[in-house]
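The chain is numbered in sequence order, starting from 1.
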Amino acid sequence: AYVHFKNTADVALIADLSFYHHHQVDIIPSKQKVRIQPGDEKVMEISLRSHDATDYSELGYIQYNWLIRYDGEEYNDFYLDGNADFSIESSTPDYFYPLTPQFVHEAEVTFKQPFNMLKSNLSIDAGEPGTFPDILLVNNSSKLEVFLSNDKNEQTKSVSKSYEKIDYLKGKKISNLTPGLSYAYYEGNWSGIPDFSKLTPKMRGIALDFSVEDLAVNKNNFGIRYTGFIAIEEDGMYYFRCLADAAASLKIHDKLVCLDGNSEVINDKNNGIANFGAIALKKGMHPVEIDFMENQGSERLRFYYKKEEAADWIFLVLEDFFRTSDRH
């Protein structure tokens, strides 16, 4: 196990770890202290050796006390400390960048894990492993797989990421559109986002914001489908983020861009779709479909966008960006 420290202060830091006895695993060393100079980094290496061949699920946790303080007598009474633990299992480090796996022309992919003593082993489309370069130019849809290894030939699990080359989706020129989105309101008790096209709505109308609580007749067990168009003013890659409770999804041109919700609703049903995603759009109007569902408790629906992955998220105001042709 490797514990990574980085000192961003202008005073040296002392970090002290003390591990509890474990019945099945020897922890060597069980106590460690490091001094980290200002602007420097240090790594503690802790060797874990099981007494017998044992499944990870049977080993439980490593527990330890930690203390961190500035170096110097004047700081002896000024420190942070506590107890913590971590599970004994092979890690699956995910240090890929960019996070968003879609690209139009090419993607400059990096894998910047913080442990200089570990080697990053890369394979592309199930090829032979090799060293991950500083920057990997991906020109076509590819599946990258990486594991870390040390000089003892110990290694992590493999972690993979698929980068997808996509084309621009053409916008439409549509006249007589008005601000807002058409919505259909439903009631029901669902374990996840239902197929609203197979249900009969209780009410229809035009929404000028994403305040779902204002549309709800019942405060629990309801759903809303929004339809219309999103106005794109210039060609580009657009990143969208969805925040929802209980759950919501955003589709553009019938393509699922992002999906969000609490674990009881989404769980493992997202098929790899995160609460953020990207899509390449030409200037014009693009058809959108937004599904929202609420079961019990509080409700929330928010969307954000940006045009570069490193940029800050911008709140997506429904009335400013979305249009409908309905006249309810």
Side-chain angles (χ1 to χ4, degrees), residues 99-102 169 179-232 238-279 281 285-306 309 312-324 326 328:
L99 300 175
T100 308
Q102 293 86 9
L169 297 175
L181 285 172
S182 303
Y183 75 85
Y185 171 82
Y186 303 82
E187 290 179 353
N189 188 359
W190 309 291
S191 60
I193 300 175
D195 184 353
F196 288 120
S197 64
K198 297 180 180 180
L199 303 177
T200 301
K202 300 284 186 180
M203 181 173 58
R204 295 182 182 274
I206 302 295
L208 297 178
D209 56 45
F210 287 119
S211 299
V212 292
E213 65 275 9
D214 294 340
L215 302 180
V217 177
N218 295 322
K219 295 304 179 183
N220 296 313
N221 300 321
F222 69 91
I224 302 170
R225 169 166 284 181
Y226 300 87
T227 56
F229 300 88
I230 185 169
I232 298 299
Y238 287 81
Y239 300 82
F240 293 95
R241 183 186 184 193
C242 171
L243 294 179
D245 187 356
S249 63
L250 166 66
K251 290 182 179 180
I252 301 178
H253 288 277
D254 291 325
K255 179 179 176 61
L256 183 58
V257 179
C258 57
L259 170 70
D260 188 49
N262 61 49
S263 58
E264 294 178 355
V265 176
I266 298 299
N267 202 10
D268 296 325
K269 301 176 183 178
N270 60 355
N271 295 320
I273 301 296
N275 71 346
F276 66 93
I279 190 167
L281 301 174
M285 309 302 299
H286 297 265
V288 299
E289 181 180 274
I290 296 169
D291 286 344
F292 171 83
M293 65 147 290
E294 166 64 8
N295 40 32
Q296 303 289 325
S298 60
E299 58 279 324
R300 175 183 64 171
L301 180 62
R302 299 287 186 272
F303 290 99
Y304 302 83
Y305 82 100
K306 55 186 176 181
E309 183 169 286
D312 293 330
W313 289 106
I314 302 170
F315 183 65
L316 194 61
V317 180
L318 191 155
E319 193 173 7
D320 292 347
F321 289 89
F322 294 96
R323 300 290 182 266
T324 180
D326 288 349
H328 290 287

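- Nearest heavy-atom pair, M203 versus V217, reported as atom, atom and distance to 0.1 Å: CE-CG2, 4.2 Å.
- Checking E309 against T100 by side-chain atom types alone, a donor-acceptor pair falls below 3.5 Å.
- Heavy-atom contacts from other residues, nucleotides or ligands closer than 6.0 Å to CG of D195 number more than 12.
- Taking 4.5 Å as the limit, some side-chain heavy atom of L243 sits within range of a side-chain heavy atom of Y304.
- One finds the CE atom of M293 at 11.5 Å from the OG atom of S249 (value rounded to the nearest 0.5 Å).
- Of the N and O atoms on the side chains of S182 and T324, at least one donor lies less than 3.5 Å from an acceptor on the other residue.
- The two residues G180 and L208 have their closest heavy-atom pair at CA-CD2, 3.9 Å.
- Heavy-atom neighbours of D312 CG from other residues, nucleotides or ligands within 6.0 Å: at or below the threshold of 12.
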**Report entry** Worked verdict on F303 versus I290 for side-chain contact (heavy atoms from CB on, under 4.5 Å)
**Finding:** CA-CA 10 Å; F303 290 99; I290 296 169; 3.7 Å; yes
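- Scanning all heavy atoms of the two residues, the minimum distance from H286 to I232 falls at CD2-CG1, 3.5 Å.
- Between T227 and V288, the closest side-chain pair of non-hydrogen atoms is not below 4.5 Å.
- Using a 4.5 Å heavy-atom cutoff, the side chains of F276 and V257 are not in contact.
- Aromatic ring pairs are classed by plane angle as parallel below 30°, tilted from 30° to 60° and perpendicular above 60°; the pair Y226 and F210 is perpendicular.
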Requested in this report: Please step through ring-ring contact (aromatic ring centres under 6.0 Å, His included) for the pair F222 and Y186, ending with a clear verdict.
Outcome: CA-CA 6 Å; F222 69 91; Y186 303 82; over 10 Å; no
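- The side-chain heavy atoms of C258 and N275, taken from C-beta on, include no pair separated by under 4.5 Å.
- Note that the NZ atom of K251 and the CG atom of L259 stand 10.0 Å from one another [nearest 0.5 Å].
- R225 contributes atom CZ, which lies 10.0 Å from atom CZ of R204 (distance to the nearest 0.5 angstrom).
- N189 CG to S191 OG: the interatomic distance, rounded to the nearest 0.5 Å, is 8.5 Å.
- We find that K219 and E213 are not joined by a salt bridge, their nearest charged nitrogen and carboxylate oxygen being 4.0 Å or further apart.
- Contact detail for L181 and L318: the closest heavy-atom pair is N-CD2, 3.7 Å.
- Judged by distance alone, the side chains of N218 and E187 do bring a donor and an acceptor atom under 3.5 Å apart.
- Nearest heavy-atom pair across Q102 and A278 is OE1-N, 3.6 Å.
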Report task. Mind running ring-ring contact (aromatic ring centres under 6.0 Å, His included) on F321 and Y305 for me, showing each step along the way? Result -> CA-CA 11 Å; F321 289 89; Y305 82 100; 5.1 Å; yes
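- Interatomic distance, R300 CZ to D245 CG, rounded to the nearest 0.5 Å: 6.5 Å.
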Query raised in the report: Given the rule in the side-chain contact (heavy atoms from CB on, under 4.5 Å) test, do I252 and F229 qualify, once you have shown the distances and angles that lead to the verdict?
Result: CA-CA 9 Å; I252 301 178; F229 300 88; over 6 Å; no
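- With rounding to the nearest 0.5 angstrom, the CD1 atom of I279 is 7.5 Å from the CZ atom of F240.
- Judged by distance alone, with hydrogens and angles left aside, the side-chain atoms of D260 form a donor-acceptor pair with the main-chain N or O of A244 at under 3.5 Å.
- Closest non-hydrogen pair, N221 versus Q296, comes out as ND2-NE2, 3.2 Å.
- A donor-acceptor contact shorter than 3.5 Å links the side chain of E294 to the backbone of A246.
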